[in-house]
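Counting starts at 1 for both ligands and their atoms, following the listed order.
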Amino acid sequence: MKLILLGAPGSGKGTIAQPLSIQLGIPSISTGEIFRQNIHEHTDLGKIVKEYIDRGELVPDEVTITTVEHRIAREDCVNGFILDGFPRTISQAKIFDEILGKRGEKIAAVINIQLEDEIIIKRLANRRVCEKCGQTYNLKYVMPKVESVCDVCGGKVLQRDDDNEETVRKRLETYRVKTQPLVEYYEKANLLIHIDNTLGAEESVKVILDAVSKDV
Ligand code: AMP
């Protein structure tokens, strides 16, 4: 099963993708996480994407699409995947449709995760992430057992550089202009499932699992 998670930065895509991935037995793939990993490891890709991410802008489509193509070609994607944060532009979506089309494959559903901007801004101010494995924490609700040390891998837990309020507002604007049009794009393709994430990830995951099991 191939699923896409659509939604503004901080709407809860990553938090929903994790349990969904476990329940469905398919990997969740976050382009943002792949980019951050590359920045952390000082790779050539990391050097290219850093300036865009720091400015709250989108990484160019060609770079992003190549990254996704490489990732979904890996063995763990044979039974499907959950894309968290890709596509983010109409052009990415069209090219991705072509890539899948050539392989005789298609997207099963697109989950549109919705949350108010003011809740997003508060959530992102409190978000902390492991720089090594990407595990997410929250200052208010879920902190690592040992301060600043990841429970999962022992990596350092930090605030993402792009989670400061100024960059968050820029990312929300980028989302509105470049990514929001995808809602209509996938609505027309009859693939969209709307989720109001105000009730939290656990409830949203239940609703999504119920919808995709009926849908697919
Ligand atoms: P995220 O972790 O999904 O919030 O992504 C962090 C940053 O990575 C974004 O603000 C973009 O700069 C970049 N990024 C992630 N996914 C994409 C994408 N599909 N297209 C372009 N840029 C992306």
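Side chains of Met1 and Leu24 form a contact here, defined as non-hydrogen atoms less than 4.5 Å apart. Contact check for His70 versus Leu45: no side-chain heavy atoms found under the 4.5 Å cut-off.
Polar contact with ligand 1: present for Glu57 (N/O pair, distance under 3.5 Å). Polar contact check, Gly56 against ligand 1: no nitrogen or oxygen pair lies under 3.5 Å apart. Remark: ligand 1 and Phe35 share no N or O pair separated by less than 3.5 Å (distance only, no angle test). Close N/O approach between Asp162 and ligand 1 is not found [any backbone or side-chain N/O within under 3.5 Å]. Where the criterion is an N or O separation shorter than 3.5 Å, residue side chain and backbone included, Asp84 fails it with respect to ligand 1.
Within a 6.0 Å radius of CD in Glu116, no more than 12 heavy atoms belonging to other residues, nucleotides or ligands are found. Residue Glu166 qualifies as open at atom CD: its count of foreign heavy atoms under 6.0 Å is 12 or below. Counting non-hydrogen atoms of other residues, nucleotides and ligands closer than 6.0 Å to NZ of Lys178 gives a total of 12 or fewer. Atom CD of Glu147 sits in a sparse spot, with 12 or fewer heavy atoms from other residues, nucleotides or ligands closer than 6.0 Å. Counting heavy atoms of neighbouring residues, nucleotides and ligands inside a 6.0 Å radius, atom CD of Glu105 exceeds 12 of them.
Scanning the protein for heavy atoms near atom 7 (C) of ligand 1, the closest one is Ile53 CG1, 4.0 Å. What sits closest to atom 20 (N) of ligand 1 on the protein, heavy atoms only, is Gln92 NE2, 2.9 Å. The shortest contact between atom 22 (N) of ligand 1 and any protein heavy atom is with Val59 N, 3.0 Å. Regarding atom 19 (N) of ligand 1, its nearest protein heavy-atom neighbour is Gly85 O, 2.9 Å. Looking only at protein heavy atoms, the nearest one to atom 10 (O) of ligand 1 is Arg171 NE, 4.0 Å. Summary of contacts: the protein heavy atom closest to atom 9 (C) of ligand 1 is Arg88 NH2, 4.0 Å.
Take Ser204 and apply the side chain to side chain contact (heavy atoms under 4.5 Å, CB included) test, not counting sequence neighbours, and it matches Ile16, Ile195, Asn197.
Of all atoms in ligand 1, numbered sequentially from 1 with element shown, those under 4.0 Å from a heavy atom of Arg36 are 2 (O), 6 (C). In summary, the atoms of ligand 1 found under 4.0 Å from a heavy atom of Thr31, numbered by their order in the structure, are 15 (C), 16 (N), 17 (C), 19 (N).
The residue Lys13 has no part lying near ligand 1, judged by heavy-atom distances below 4.0 Å. Only the side chain of Thr64 comes within 4.0 Å of ligand 1, counting heavy atoms alone; its backbone N, CA, C and O stay farther away.
Under a 4.5 Å side-chain heavy-atom criterion applied to ILVMFWY residues, the cluster that includes Tyr141 comprises Val142 as well.
A cation-pi arrangement is not found for Arg171 relative to Tyr175, the charged atom failing to lie both closer than 6.0 Å to the ring centre and inside a 45° cone about the ring normal.
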- Task: Test side chain to side chain donor-acceptor pair (under 3.5 Å) on Ser91 and Asp61 and set out the steps.
- Result: CA-CA 8 Å; Ser91 149; Asp61 286 344; 3.0 Å; yes
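Proximity of Arg160 to ligand 1 is established by a heavy-atom distance of less than 4.0 Å.
The option from Gly7, Gly32, Gly10, Pro9 that lies nearest to atom 5 (O) of ligand 1, judged by heavy atoms, is Gly32.
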